[in-house]
Amino acid sequence: MVETITATYTQEDADWKITVSGRGKELTARAPGIIAARDRADQLVEELGGDGKTTVVHLLNGSAFEFTQTYMTARLTLPKLPPLEVPPPGSVPKQAAAEKKPALPPSKQLPKAVEESKPATEPAAEKKAEQARA
């Protein structure tokens, strides 16, 4: 037999109050947001236990549709990020920016012995080689 458990959500200021009832018991908790409240409701359902199949009905203001709409809006909304700050032109010297190489992860780095044995190439020699290939 399928047992029904009801999870009721109530917003109290910035927090949410969760009441899970079923199997003759009622458990309550609080969470800082609707997503955390939904996770906490799952934990409360597990605390109620049970051997058979359970169906959990999540209600906000007595409506499963309203809960689903609120929960999915929270899940699909991007977090507010601070605006990207772009330095004004000329504030970063070109040479300093060009000299910085991004660090490779250790798994992609060559051993020191190989790195030291590499011949140093000059930019002029590279240009000549490119021109010769063209």
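Hydrophobic clustering (side-chain heavy atoms under 4.5 Å, transitive across Ile, Leu, Val, Met, Phe, Trp, Tyr) keeps Val57 apart from Met72. Both Leu76 and Ile35 sit in one connected hydrophobic cluster of ILVMFWY residues. Membership requires side-chain heavy atoms under 4.5 Å apart, directly or through other members. The same ILVMFWY cluster, assembled from side-chain heavy atoms under 4.5 Å apart, contains both Ile18 and Val45.
Listed by first and then second residue, the side chain to side chain donor-acceptor pair (under 3.5 Å) pairs that reach into residues 6-18 are Tyr9-His58, Glu12-Arg30, sequence neighbours excluded.
Atom CD1 of Ile34 and atom OG1 of Thr70 lie 6.5 Å apart (nearest 0.5 Å).
Ala41 and Ala7 make their closest contact through CB-CB, 4.3 Å (heavy atoms, listed as atom of the first residue, atom of the second, distance).
Side-chain contact between Glu26 and Val20 is absent, with no heavy atoms from C-beta onward closer than 4.5 Å.
Scanning for side-chain contact (heavy atoms from CB on, under 4.5 Å) contacts around Leu27 gives Leu44, Glu47, Leu48, with sequence neighbours left out. By the ring pair (Phe, Tyr, Trp, His ring centres under 6.0 Å) test, Tyr71 is found to be paired with Phe67, residues two or more places apart in sequence or in another chain being considered.
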